Amino acid sequence: MKPAPFVYVRAASVEHALEVLAEHGDDALVLAGGQSLVPMLNLRLVQPAVVLDINALHGLATIESHTAGGLRLGALVRHREIAVDPLVAACAPLLRAAAPWIAHPAVRHRGTLGGSLALGDPAAEWPACAVALDATIRLASRTGGERCVAAESFFHGLYRSDRRGDELLVGCDLAQASHDSVFSFRELARRHGDYAAVGLAVSACGRPGAWRTLRLVFFGIGDTPIRATACGEALAAGAGLAEARAQLEAELEPRADLWFSAQAKRHLAVHLLREAWRDLGHPDTGE
Amino acid sequence: MESTTDIEFEVNGKRVRLAVSPREHLADVLRQRCGLTGTHLGCEHGVCGACTVRVDGAAIRGCLILAVQADGAQVRTIEGEGNDPVMQALQQAFIERNALQCGYCTPGFLLTAAELLELDPDPSRESIREYLSGNICRCTGYQAIVDAVELAARRLRGEAGTDASVP
Ligand SMILES: Cc1cc2nc3c(=O)[nH]c(=O)nc-3n(C[C@H](O)[C@H](O)[C@H](O)COP(=O)(O)OP(=O)(O)OC[C@H]3O[C@@H](n4cnc5c(N)ncnc54)[C@H](O)[C@@H]3O)c2cc1C
Ligand code: FES
Ligand code: FES
């Protein structure tokens with residue numbers, strides 16, 4: 001089980017990377033952490049002509065506050081750094097809470113934020129967190145310069161995104177959290193470190209019964225992260241758990257996977273809603 | 001003829017220069033070109049952890065990093081850890097607790113456990129399980145492995161003797 005031959009190019013600069021992508025488009029695949037790409041190469045699920053290694057682009061490996069007060073994360077930031085970085089813990093506690101759920105330590109040492117977003121696995125943590133936090137994904141190309149896409153419109157379908165073949169995902173920006181921001185991260189997996197059976201990332205501003213914004217995003221149930229809009233609106237308008245649950249059951253259409261039926265996923269999603277309800281500080285209704 | 005790339009890296013403290021094909025992963029190069037067969041290959045797609053090696057200190061999957069990516073890096077395999085006190089304590093505890101049967105998974109478990117004990121000298125059983133969650137063992141049922149890591153940690157903290165009868 002070995003990859004088919006390819007040409008290996010180590011990008012020396014972002015410009016160089018964009019040059020290679022402009023020339024080869026979909027025939028070139030970016031190598032970031034390699035924790036999804038190398039298995040795909042080994043299994044020959046992909047056979048790119050060119051593998052473009054971006055690991056030397058240290059400028060993409062930084063976590064910093066950006067001018068508008070939020071957080072700017074480079075595409076090459078590793079899962080492990082997100083788990084331990086004090087700035088992330090302070091400004092984006094949702095990411096801090098989600099990081100330990102991604103795979104195992106050895107995979108977290110190498111896997112990157114940008115790789116996870118670019119791949120867009122429907123059961124992955126970062127895409128759901130990005131949508132919950134209303135993150136902005138930054139893409140660059142030689143012809144188009146840099147453009148920004150809201151995470152919510154970035155994921156188009158199963159492993160399909162807004163990224164064009166000639167674009168490099170360069171990072172992800174988060175807006176500054178407000179004084180009354182709260183979050184919840186919940187996940188159910190068969191075994192620690194496995195992809196989620198069902199997961200839920202929630203980010204909200206306000207207080208129970210009076211949320212100004214509330215974004216509930218499920219993962220592991222559809223082709224992309226799934227925002228439970230009706231359920232979120234009900235909660236923001238002060239609905240109780242029973243009503244929120246009814247809204248959720250009406251709007252979710254989970255897709256079965258190898259282990260869980262659609263019905264089981266629906267059941268687990270409701271369970272996670274109940275946990276998130278408590279995490280957000282709603283009274284425990286004993287329901 | 002497939003093209004090759006020259007790389008130079010350090011393996012267990014020795015400088016190594018090789019011409020590798022870009023599609024060769026590091027674990028294959030260590031096994032086939034450096035003769036270091038202690039790095040095992042179970043699945044070659046990241047799920048079993050048998051191929052664990054340390055690259056610039058971090059325990060990672062040897063099957064998920066291309067050898068060309070290790071250019072300039074410091075690589076350590078199980079063969080290079082024999083004099084490390086943490087590794088010695090782990091090896092001794094693995095023997096005493098029967099934490100290996102066929103031994104196929106053992107190098108990966110040892111290298112991962114050593115990293116854990118360097119980061120946290122006093123891990124709970126739960127955190128040992130969690131840290132080792134990416135390593136699969138088809139023989140032992142894990143209980144004995146967790147016991148062994150716990151014992152090694154206690155000894156390294158000076159809280160348990162080296163007598164095998166000490167709990
Ligand atoms: C055993 C195991 C368990 C795992 N469990 C989980 C899990 O529970 N949750 C989870 O989320 N993930 C899991 N993963 C996947 C892991 O998180 C990967 O790190 C992640 O999916 C991809 O990130 P990467 O940096 O490794 O990307 P790579 O593998 O390098 O690339 C992935 C894809 O994205 C493209 N790409 C990468 N970076 C860019 C970029 N900057 N611009 C454009 N395209 C880019 C690549 O061309 C490729 O198509 C697991 C992996 C393994 C091996
Ligand atoms: S051989 Fe590398 S993880 Fe199984
Ligand atoms: S001892 Fe045989 S696989 Fe672990």
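The structure displayed is predicted, hence computed values, not measured ones. Below, chain A is the first sequence line, B the second, and so on; all start at residue 1.
With values rounded to the nearest 0.5 angstrom, A:Leu43 atom CG is found 9.0 Å from B:Glu44 atom CD. The line from CG of A:Leu41 to CZ of B:Arg23 is 11.0 Å long, rounded to the nearest 0.5 Å.
Within the 4.5 Å cutoff, no side-chain heavy atoms of B:His45 are placed close to those of A:Met40. Here the side chains of B:Glu126 and A:His192 are not in contact, with every heavy-atom distance at 4.5 Å or above. Counting only heavy atoms from C-beta outward, the side chains of A:Asn55 and B:Gln69 approach each other to under 4.5 Å. You'll find the side chain of A:Arg10 reaches within 4.5 Å of the side chain of B:Asp71, heavy atoms only.
Contact annotation for A:Ala56: neither backbone nor side-chain heavy atoms come within less than 4.5 Å of a heavy atom of chain B. If you measure heavy-atom distances from A:Leu37 to chain B, you find no contacts under 4.5 Å at all. Heavy-atom distances place both the backbone and the side chain of B:Ser133 under 4.5 Å from chain A. Using a 4.5 Å cut-off between heavy atoms, B:Leu66 touches chain A through its side chain atoms alone. Contacts between A:Arg191 and chain B at a heavy-atom distance below 4.5 Å involve the side chain alone, from C-beta outward.
Looking at every heavy atom in both residues, B:Ile60 comes nearest to A:Ala106 through CA-CB, 3.9 Å. The nearest pair of heavy atoms linking B:Pro22 to A:Tyr8 is CB-CB, 3.5 Å.
Chain A forms more heavy-atom pairs under 4.5 Å with one residue of B:Ser21, B:Ala59, B:Gly46 than with any other, namely B:Ala59. The greatest number of non-hydrogen atom pairs below 4.5 Å with chain A, out of B:Leu64, B:Thr5, B:Val47, is found for B:Leu64. Per-residue counts of heavy-atom pairs under 4.5 Å with chain B were compared for A:Pro100, A:Pro5, A:Gly34; the largest is that of A:Pro5.
Residues B:Glu24 and A:Lys2 are not paired through a salt bridge, judged by the lack of any N-O separation under 4.0 Å between the basic side chain and the carboxylate.
A:His109 and B:Glu115 share a side-chain donor-acceptor pair at under 3.5 Å.
Taking a 6.0 Å sphere around CG of B:Asp84, one finds it holds more than 12 heavy atoms contributed by other residues, nucleotides or ligands.
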